[in-house]
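First up is the structure itself, then whatever we jot down about it.
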2 protein chains.
Amino acid sequence: MTTGSAAVPVSIKEVAARAGVSPGTVSNVLNRPHKVADDTRSRVEQVINELGFVRHGSASTLRAGHSRTIGLSLIDIANPFFTDVAAGVEDLASERGYAVLLGNSAGDPAKEDRNLRVFAEQRVRGLLITPSADDPRPLDVVRERGIRVVLVDHRAHRPDQCSVAVNDFAGGQMAAEHLLSTGATRLVYVTGPSGIRQCRDRGGGAARAVGEAGLDPGSAIEVVEVPTMNARAGQHAAENLVSGRRLPDAIFCANDLLALGVLRGLLQSGVRVPGDVALIGYDDIDFSAASAVALSSIRQPTHKLGRIATELLIDECENPQTHAHRQILFQPELIARESTARP
Amino acid sequence: MTTGSAAVPVSIKEVAARAGVSPGTVSNVLNRPHKVADDTRSRVEQVINELGFVRHGSASTLRAGHSRTIGLSLIDIANPFFTDVAAGVEDLASERGYAVLLGNSAGDPAKEDRNLRVFAEQRVRGLLITPSADDPRPLDVVRERGIRVVLVDHRAHRPDQCSVAVNDFAGGQMAAEHLLSTGATRLVYVTGPSGIRQCRDRGGGAARAVGEAGLDPGSAIEVVEVPTMNARAGQHAAENLVSGRRLPDAIFCANDLLALGVLRGLLQSGVRVPGDVALIGYDDIDFSAASAVALSSIRQPTHKLGRIATELLIDECENPQTHAHRQILFQPELIARESTARP
DNA sequence: CGGAGTCGTTGAAACGTTACAAAAGCGCGG
DNA sequence: CCGCGCTTTTGTAACGTTTCAACGACTCCG
């Protein structure tokens, strides 16, 4: 058994010496293998394996002027939506040999700033971010440092920037249309703080659908705003609706956690779903299909969102001259389940 | 508007020149502020702000011989358990000024290896890992490179290594005792692959509880093993139990996703929970309290797990001489809800 | 046989920071 | 006014890699 003693990292020079070549050649084997003669290359590769050489990323970054690391700044790493996005990011990054630096802003702009600073220190090659606020300034600061940025789940506010998002307006519209198609005429939209763009857009889409159906959005949709978007808040909202005898025909929730809470609140009060009230959520998180009454929802291509964003970012970093900036907007998908099934 | 052109990173030399001091002094301001005279320090700090200087982490790492980055290798970033752990890790790391490199092994040892390699290249200061297999060898390789490792949700297999885990045996025992206390005498344990240590331990704990209650573990517990630990598999298992007329008094599931699926399967077949069958899960994920019948579960201190692991790792890295290795084992906690409530 | 063109390899100079020995400045007792 | 100890600052040599001009060895063609 070896003692936990000295770390003895082997450098490119030792590899070079042992293989009887110059350090430059070893570097070429590592970075431009095709420029090295076959037998030299295989000799060097053999020595690399023998010695267990691993390139020192920092030295490489320092000299080459850029790293193989990308930053990922998320609003809430505990939220399944972002988690799925992160999984997509990690997937592609790992395939392409990039490392992912994780930052969780937890909705706090100060913490987001701190993370951006750390990313800047680490000289990340590029940055994927779901901005915690609409304010574009902190990002412009990052861009001025020469770090490429791709926005995730947020439309770019300038044409020379890539973004990947999902059409929340269309999703809201889709959800409301679906509810209306079950015969509902009086809707409730249970949503989080209106400061959150996603909540606003989804509500806007729902209003549009109601208007297009010939109803008056002002009276046909009641908006119930709750402070946090979790199940507890949803349950509370449902209890209020029941006790206030303001039960609509159908309820649209701005995310699935809210919807699961609403579902629970309704069922416990003896309200039947979908019999008395139809219910639809948003995000189609895993658990939605598993709830007592399988929850209809709006599915977003989360994993893909992460992958594509990463793809765009890497392309922008590696081919800055040919890269075409794109603002990609995915369409969400209606997943109809039991909670909106009506005879 | 600035053109998206030249990245103009300002170096320590320029700061030094502008502040009328030597580069060494700037470095001291950055790393050992107390060794610099007050007025010099404030002058340098002002220039740093004016110029928007950000230390080049790679140069620092290269020269200093160690980075301010820790690696985090998880089995499944889409699983709420690991996500909560990751949030705890990110929390503390960010507080201490460390960056977190994220790796998601997805249970694939090959991918785990690839990630470990990337971590090695980045010269992470230390590594947090929930190993995807029981095999300690890949980790020993990492340790030989001089990278400190703290195991997360896994007991260390050697005394000179830190680990942070939760007592799964106790958790399983706790769950089964609770079920027995409701009057149950015939249990089913729905679990994932027995290759997963957590599943084995929880089952072992349950068997112990049954034995201690004077029952024969061989006949009082039926084990149902499913290939994947998600809701679909749970529902399927429940349907099999119902159709096979093998309904027990109580069901213990190795995680909440399975339990939610089982719950759904039972309710749809007209089996009442907890009336006919009591049900308990494991992990106490957010959604458990929100399901149609609030799910009893075993709660683990996930966030804390992440924080403490990070704490241990940073201490081991920064104070190698005074650091005492610890194998911390948290105790889980029973959360009794409706699904096990009996009159 | 000489010169042009290829291909593979080399050597040395960076990249931005930190560590450390040495120097400079300063106050004070003799 | 010297010399001593103290604090503060400086200059310089690394750290491990990549880049690039230059070089040597071949081949090919005239």
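So that the names make sense, note that chain A is the first sequence line, chain B the second, and so on, each numbered from 1.
- The residue B/Val21 sits close only to the backbone: its heavy atoms come under 4.0 Å of sugar-phosphate atoms, none of a base.
- In this structure, A/Asn28 atom CG and C/dA12 atom C1' are separated by 15 Å, rounded to whole Å.
- Regarding A/Arg123, its CZ atom lies at a distance of 11 Å from the C1' atom of C/dT17, rounded to whole Å.
- Using modelled atom types, one finds a donor on one side chain and an acceptor on the other under 3.5 Å when comparing B/His323 with B/Asp315.
- Across the protein-nucleic acid pair, A/Arg43 atom CZ and C/dG8 atom P stand 14 Å apart, rounded to whole Å.
- Between A/Thr25 and C/dT10, a side-chain N or O to OP1/OP2 separation shorter than 4.0 Å is present.
- Salt-bridge check for B/Glu95 with B/Arg307: passed, with a basic side-chain N closer than 4.0 Å to an acidic carboxylate O.
- Checked against C/dT9, D/dT9, C/dT17, the side chain of B/Thr40 finds its nearest nucleotide in D/dT9.
- Distance from the side chain of A/Leu62 is smallest to D/dG16 among D/dT18, D/dG16, C/dT9.
- Rounded to a whole Å, the CD atom of B/Gln122 is 14 Å from the C1' atom of D/dG16.
- Taking every side-chain heavy atom of A/Ile12 into account, D/dT18 is the closest of D/dT18, C/dG8, C/dG16.
- A sub-4.0 Å separation between OP1 or OP2 of C/dG16 and a side-chain N or O of B/Ser11 is absent.
- Salt-bridge annotation for A/Glu121 and B/Arg68: absent, with no side-chain N of the basic residue lying under 4.0 Å from a carboxylate O of the acidic one.
- Atom pair A/Lys13:NZ and C/dA12:P shows a separation of 12 Å (rounding to whole Å applied).
- Separating the NZ atom of B/Lys35 from the P atom of C/dC20 is a distance of 10 Å, rounded to the nearest angstrom.
- Side-chain proximity of B/Ser27 to the nucleotides C/dG16, C/dT18, D/dG16 is greatest for C/dT18.
- Proximity of A/Asn31 to the phosphate of D/dT18: a side-chain N or O atom is located under 4.0 Å from OP1 or OP2.
- The one candidate from B/Glu318, B/Glu90, B/Glu311 that meets the salt bridge (Lys or Arg N to Asp or Glu O under 4.0 Å) condition with B/Arg96 is B/Glu311.
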Go through A/His56 and B/Thr61 one step at a time and tell me if the side-chain contact (heavy atoms from CB on, under 4.5 Å) criterion holds.
CA-CA 10 Å; A/His56 194 308; B/Thr61 295; 4.2 Å; yes
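- Rounded to a whole Å, the CG atom of B/Leu30 is 6 Å from the P atom of C/dT18.
- Between the side chain of B/Arg63 and the base of C/dT17, no donor-acceptor pair of N or O atoms lies under 3.5 Å.
- Here C/dG8 presents its C1' atom at 10 Å from CG of A/Asp39, a figure rounded to the nearest Å.
- Nearest nucleotide to the B/Ser60 side chain, out of D/dT10, C/dT18, D/dT17: C/dT18.
- You'll find that the side chain of B/Arg55 is closest to C/dT17, out of D/dG11, C/dT17, D/dT17.
- When each of B/Ile12, B/Ile48, B/Asn31 is checked for a side chain to side chain contact (heavy atoms under 4.5 Å, CB included) with B/Arg55, only B/Asn31 meets the rule.
- Nearest-nucleotide mapping onto DNA chain D: of B/Ala64 and B/Pro23, the residue sitting toward the 5' end is B/Pro23.
- Between A/Arg32 and D/dT19, a side-chain N or O to OP1/OP2 separation shorter than 4.0 Å is present.
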